[in-house]
Each structure stands twice: as structure tokens, then as C-alpha cells.
Q: 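One structure, pasted below without further comment.
We use all heavy atoms of the structure for the numbers below, so side chains are in, but hydrogens, waters and symmetry mates are not. Positions are given from 1, in the same order as the sequence printed here.
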Amino acid sequence: MQSYDVVITGSGMGGLVCANLLAAEGLKVCVLEKNNQAGGNLQTFVRDKLIFDSGVHYIGGLGKGQNLYQIFRYLGIMDELRIEQMDPDGFDKILIGNDPKVYNQAQGYESFIRNLAKDFPGEENNIQRYCDHIRHICAQFPLYNLQIDGGNKTSVMSEGAEETIASFTSNPKLRAVLAGNNLLYAGEGVRTPFYVHALILNSYIESSWKCIRGGSQIAKQLIKQLRAHGGELFRHTEVTRFVCDNEKVTHVETNNGNFAAKQFISNISPVHTLAMTDSPLLKEVYRQRINHLPNTIASFSVHLVLQEQTVPYSSGNYYYHREGRVWSMNDYTQEEWPLGYGMFYTRSEQHPAYAESITIFTGMHYSEMEPWKESFHTVAGGTPRGEAYELFKKRKSEQLLDRVEERFPGLRKAIKACYTTTPLTYRDYIGSGDGTMYGFAKDYNDPLKTFMSPRTKLPNLYLTGQNLNLHGILGTALSGIMTSITLLGDDKIVEKIRNA
């Protein structure tokens, strides 16, 4: 049995950040990953010799001195990344129903306000107040600002996103534009907190970036740095059980043997982690609370390989929603699906004025996977899901492309090949139980119910990843920092990152 100071299960962003931070502090660390490709949502895949991202289509906060920039700089990967800044006048472009206008969300708060004020005369003061409130909310979360103390996040966690945005303007179109990219967090009017909207949008307003040739480079650089610190990563190593005595976890069992450690961090979903852990310290009431937390909706995507020099490249993303449904896109019928979508372009290296590929995603309930939910299929194993599944994907792809063609007529003629991913794809490759996009759904009606601590009831088992505070690259990086300082009992890492 191999023995370490810390064993981390799962190599998503949170796990890799923990591994690097703890290894840099002198701990003997290993990461266990069940797949061949590490990185969780950082994974990429290749179709027709083109690279597609599985989940990371753009990143915020990478301007010099901004929060993710400082984190990546401290981790030693910032200068190694191939990135490009997105359209400064419209990192996100909002489309609404039959309205032909494109509403641009610009980088930098002054530009953000100025651009929207041109589209909504007389609303400049309201847009300014909205932006001021976003920054006020962000100030209440000290770790988001790479601080230890300050703020009062519990005082703002009960604000609903839909209601709060509506409080700044009575103009329904402006409200829809301000919420227009809420596919970033699967926003629902009945539950989504404003702080989720604020923390995510603030990051992109500060600065927005695309990874050239995919987000997997982030994982590759983190693994390189981990090994430089003496850490290890084992691929094709699936954890099947956290073995406990009466006081703590002693080791994990995997398909490649057992791994012992003093401390354990799970970057696997909390539900799966508890299912693999048998200990009297994990009381049934604790298990029930975790097991019954609702997840955000899953997603369905089409990945389009384009004919050369047919579609002009856009360095801004497009977000569409049917008018009046921005906060209820998840409440669809089969006939009206999809009620919204996000659209992301990849630049052709040979012809930079044109796109070589496009990814389009929308929400899809996992219940639509019922006929195939017992199946499993990845490039590493499993079996094909059959003709009915392929027909389902084809029908849904056509339905989604029908909706996209309403605003982008002629796109179909530019498609060379089309590939799809369903909630089952995300479930099998990423490890989320029902293909959820962003883990547990935060709820402003009962914010503490969905609050996740890095600590568990076992003193040497910790959690990290998107279910803790926030999803996305920034959110999971922050969760990795939080878990690391909790395990170490020392918050000096935060100061080191801030001053990197």
C-alpha cells in the first residue's frame, strides 16, 4: 500500500489547486483520476482534427492583478497559458426572442455602463446602481477578493437574482439583458441568489478571455507544477471506497490498489463521496441532507465543425432566450425546447477572420435520459447506447439548430460535421451523477441549506470542487484554496497568492 500525507480523489480544478498548494507547502501529495484525461470540466476532445472544450469556453478575472490572475501566477502557470482577450465591447452578446437587436455586455464597468446606456436611454443611473450593487456584493466575500477577513456574506445570500435585478429598473427589456447570460449559472427565478449572478458576472466584466486550443492546457500546466513539487498523479485509477476505522479514513481502495494517507480530499461530488464511505461518524441526518440537495439542470450541446471561411469569427459569445422566459428556461415542454442557448466560437488559425468551429449548449433535464440511464460509455470503456439513443441525439440536434437558425440564418449550410454531448456524456466523463452543469443549485430562500463546508464529519476527510462555494474555473480554484487552508489550519496561503 502506498502512503502519502494527502490523497486527493478526482483531478478537477479544485483537486488540482489543492494538490499544488499543499505540495508547495511540503506535503507528500497524490491525485487519483479515473479517466485518462485529467481536469474534470477542463477536458477537451478532438473531432475532425479540431479541439473542442467540454466545459470551459471562456474565463474571467485574468487581467493583471485580478483574482484568477493572482491565483494562476502563484501556482506558476500564468505565463505558460495561451490565452487571448475577448471583444472588449461585447464579451457576451444578448439576443432576445424576435428582437433583432444585439445587446453587448462590455469589459470594464465604465464601458459596460456606457454601452447599455446607449441602448437604453434614460437608464444610465439605474445601470450604474446595478453595477455598484454587484461590486458591493462581491466585497462581502473576502476570499473572492483574496482576503481572509472583511465583508458579511450571510447578509446578502438571501437576495434573489430576479427580484434584485428588477429592483433597479422597471424596463423589462433591460432586465432581460442584465440577466441574459444566466445560462452561466442555470438561473431560475424561484431560487437563484443574486450573489451567484454578481460573483460570476463581475469576473467577466473585469476581463474576459479565451484559451487558445482549449482549456485542458490549464490542467496540463497544473500537473506539470504538481510534479515539480514532488506530487504524483495516477490516471486510470478509480476510487471505489473510502475505508474507515472508528475515528477516520485510513485508506482508499481503487482498481489499481490501495492508497493510505493522513488526510484525504474528495474532488468527487459529495453524494458519491458519501456513498463510498461507511463510517458511524457520518450520521444519517447528514447523509440525507446532502443526498437530497437539488442539482442544477444538465445540458445538451452540439459541436459544429465548419466549412472553411464560411462563418465570420466572433470573439464574443451569444446568449439567446425567448422573450419573457429568461428566468424559466428550465421549465420547458418538449415542443418549445430549447428556450435559450449559449453559442461559442473558435477562431481558425489558418484564416483568423473566420471560425473553424462552434459549440452551442442549452439546458436539458436528466429525466430525458431515462431509457439509457443504466448505460455507461466513454472512449475507455462501456458499450454503445444503441440506435434509439442516436436518433434521440439527432432529433434534439435538429431542434436546437432550428432555434439557432432563427437568428443565424444559413448556419446549417456552413456545417461540415455535427457532434453532440448529452447529460449522459457529462455524467460518464465528468462524474456528476445526473450530468448536472454546476453541481448543487444554490437557493436564496434557504441559503444555509446549500452551504457546503470543506469539512465533513470525518476529521481527516475534506471536500472541494464546484459544490462548495461557486462553480467555474474561478469558483473551483477558490474552493481549492478554501479546502487547503482548512486542512492546514493556516491561512497564510491567501496572502502569498495576493502578493504573488
Q: Is the number of heavy atoms from other residues, nucleotides or ligands within 6.0 Å of CG (D278) greater than 12?
A: no

Q: Would you call T254 and K34 a side-chain contact if the rule is heavy atoms closer than 4.5 Å?
A: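 No, their side chains stay 4.5 Å or more apart.
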
Q: Return yes if some donor-acceptor pair links the side-chain N/O of S484 with the main-chain N/O of M482 below 3.5 Å, else return no.
A: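 Such a contact is absent between S484 side chain and M482 backbone.
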
Q: Please determine whether side chain to side chain contact (heavy atoms under 4.5 Å, CB included) holds for the pair L201 and Q105, giving the CA-CA distance in whole Å, both sets of side-chain angles, and the decisive distance to 0.1 Å.
A: CA-CA 10 Å; L201 193 60; Q105 295 191 353; 3.6 Å; yes

Q: Between R129 and D132, does any side-chain N to carboxylate O distance fall below 4.0 Å?
A: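 A salt bridge is absent here (no side-chain N lies under 4.0 Å from a carboxylate O).
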
Q: Nearest 0.5 angstrom please: L487 CG to R455 CZ, how far?
A: 8.5 Å

Q: Would you name the heavy atoms of S299 and Y426 that are closest together and state the gap between them?
A: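 So the minimum-distance heavy-atom pair works out to OG-CE1, 3.2 Å.
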
Q: With a 4.5 Å heavy-atom cut-off, do V56 and I473 have their side chains touching?
A: yes

Q: Does a side chain donor of either Y109 or N202 reach within less than 3.5 Å of an acceptor in the other side chain?
A: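 Yes, side-chain donor-acceptor contact under 3.5 Å.
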
Q: I'd like to know if the side chain of N20 reaches the main chain of L222, judged simply by a donor and an acceptor atom lying under 3.5 Å from each other, with no hydrogens or angles considered.
A: yes

Q: Could you pull out the closest heavy-atom pair between I212 and Q217, with the gap in Å?
A: O-NE2, 3.0 Å

Q: What orientation do W337 and F300 show, parallel under 30°, tilted 30 to 60°, or perpendicular over 60°?
A: perpendicular

Q: With a 4.5 Å limit on heavy-atom distance, are the side chains of E159 and Y444 in contact?
A: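 Not in contact.
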
Q: What do you reckon, is CG of N499 surrounded by more than 12 foreign heavy atoms closer than 6.0 Å?
A: yes

Q: Mind checking whether D5 and Q263 have side chains closer than 4.5 Å, heavy atoms only?
A: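 No; the side chains remain at least 4.5 Å from each other.
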
Q: Strictly distance-based, threshold 3.5 Å: is any side-chain N or O of R427 a donor or acceptor partner for the main-chain N or O of G435?
A: no

Q: Within the side chain of N267, is there an N or O that forms a donor-acceptor pair under 3.5 Å with the backbone of G15?
A: yes

Q: Got a sec, which residues hit ring-ring contact (aromatic ring centres under 6.0 Å, His included) with Y185, two or more places apart in sequence or on another chain?
A: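 Counting only residues at least two positions away or on another chain, Y185 forms a ring-ring contact (aromatic ring centres under 6.0 Å, His included) with H197.
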
Q: How long is the straight-line distance from OG of S167 back to CD of E162, given to the nearest 0.5 Å?
A: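 Between atom CD of E162 and atom OG of S167 there are 11.5 Å.
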
Q: For F234 and Y4, take the angle between the two ring planes, folded into 0 to 90°, and tell me which bin it lands in: parallel under 30, tilted 30 to 60, perpendicular over 60.
A: perpendicular

Q: Hey, could you give me the CG/OH distance between L184 and Y319, rounded to the nearest 0.5 Å?
A: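 That separation rounds to 3.5 Å.
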
Q: Quick check against the 3.5 Å criterion: does N35 have a side-chain atom that pairs as donor or acceptor with the backbone of Q37?
A: no

Q: Below 30° counts as parallel, above 60° as perpendicular, anything between as tilted: where do the rings of F344 and Y58 land?
A: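 Answer is tilted, since the angle falls between 30° and 60°.
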
Q: Calculate, to the nearest 0.5 Å, the distance between atoms OG1 and CZ belonging to T450 and F440 respectively.
A: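 Output value for this atom pair is 9.5 Å.
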
Q: Hey, does N67 have a side-chain heavy atom less than 4.5 Å from the side chain of N145?
A: no

Q: Would you mind telling me which of L488, L468, L463 makes a side-chain contact (heavy atoms from CB on, under 4.5 Å) with T483?
A: L468

Q: Side chains of M343 and I358: closer than 4.5 Å at any heavy-atom pair?
A: yes

Q: Assess whether a salt bridge exists between E495 and K492, defined as any Lys/Arg side-chain N lying under 4.0 Å from an Asp/Glu carboxylate O.
A: no

Q: Can you check side chain to side chain contact (heavy atoms under 4.5 Å, CB included) on I165 and W327, steps first, answer last?
A: CA-CA 12 Å; I165 290 173; W327 291 110; 3.9 Å; yes

Q: How about S207 and Q66: does a side-chain donor come under 3.5 Å of a side-chain acceptor?
A: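 Indeed, the side chains of S207 and Q66 share at least one donor-acceptor pair under 3.5 Å.
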
Q: Taking all heavy atoms of K373 and all of L424, pick out the closest pair and write down the distance.
A: CA-CD2, 4.3 Å

Q: Crowded around K28 NZ? As in, over 12 foreign heavy atoms under 6.0 Å?
A: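 Enclosed: over 12 neighbouring heavy atoms sit under 6.0 Å from NZ of K28.
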
Q: Is any side-chain heavy atom of T346 less than 4.5 Å from a side-chain heavy atom of T359?
A: no

Q: Considering non-hydrogen atoms only, spot the tightest contact between A441 and R191 and give its length.
A: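 In terms of heavy atoms, the two residues are closest at CB-NH1, 3.6 Å.
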
Q: Side chains of Q85 and Q107: donor-acceptor distance under 3.5 Å anywhere?
A: yes

Q: Grab the two heavy atoms, one from I481 and one from V17, that are nearest each other, plus how far apart they are.
A: N-CG1, 4.1 Å

Q: Yes or no on side chain to side chain contact (heavy atoms under 4.5 Å, CB included) for Y429 and F45, after CA distance, side-chain angles and deciding distance?
A: CA-CA 11 Å; Y429 278 94; F45 59 94; over 6 Å; no

Q: Determine whether W209 and L81 make a side-chain contact, defined as any pair of heavy atoms from C-beta on separated by less than 4.5 Å.
A: no

Q: Atom CD1 of I127 and atom CG of L178: how far apart are they, to the nearest 0.5 Å?
A: 6.5 Å

Q: Quick check: does any side chain N or O of Y144 sit under 3.5 Å from a backbone N or O of L199, one acting as donor and the other as acceptor?
A: yes

Q: Restricting to non-hydrogen atoms, name the atom on C131 and the atom on I113 that form the minimum distance, rounded to 0.1 Å.
A: SG-CG1, 3.7 Å

Q: Is the backbone N or O of S479 less than 3.5 Å from a side-chain atom of N469, with the two atoms forming a donor-acceptor pair by type?
A: no

Q: So M364 and Y332, side chain to side chain contact (heavy atoms under 4.5 Å, CB included) or not? Walk me through it.
A: CA-CA 9 Å; M364 176 177 281; Y332 61 81; 3.9 Å; yes

Q: Counting distance only, does the side-chain N/O of R289 pair as donor-acceptor with the main-chain N or O of K449 below 3.5 Å?
A: yes

Q: Is R213 atom CZ crowded by more than 12 heavy atoms from other residues, nucleotides or ligands, each under 6.0 Å away?
A: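 Open: at most 12 neighbouring heavy atoms sit under 6.0 Å from CZ of R213.
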
Q: What class does the angle between the rings of F91 and Y204 fall in, given that below 30° is parallel, 30 to 60° is tilted and above 60° is perpendicular?
A: parallel

Q: Whether the side chain of R498 engages the backbone of L146 through a donor-acceptor N/O pair (distance < 3.5 Å, no angle test) should be reported.
A: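 Yes; judged by distance alone, with no hydrogens or angles, the pair exists.
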
Q: Can you find a side-chain donor-acceptor pair between T456 and Y286 that sits under 3.5 Å?
A: no

Q: Under 4.0 Å between a Lys/Arg side-chain N and an Asp/Glu carboxylate O for K396 and E368?
A: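 Salt bridge: yes.
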
Q: Main chain of H236, side chain of N256: is a donor-acceptor contact present, judged purely on distance under 3.5 Å?
A: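 Yes; judged by distance alone, with no hydrogens or angles, the pair exists.
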
Q: Got a second to check how far N181's CG is from H321's NE2, nearest 0.5 Å?
A: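 NE2 of H321 is found 10.5 Å from CG of N181.
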
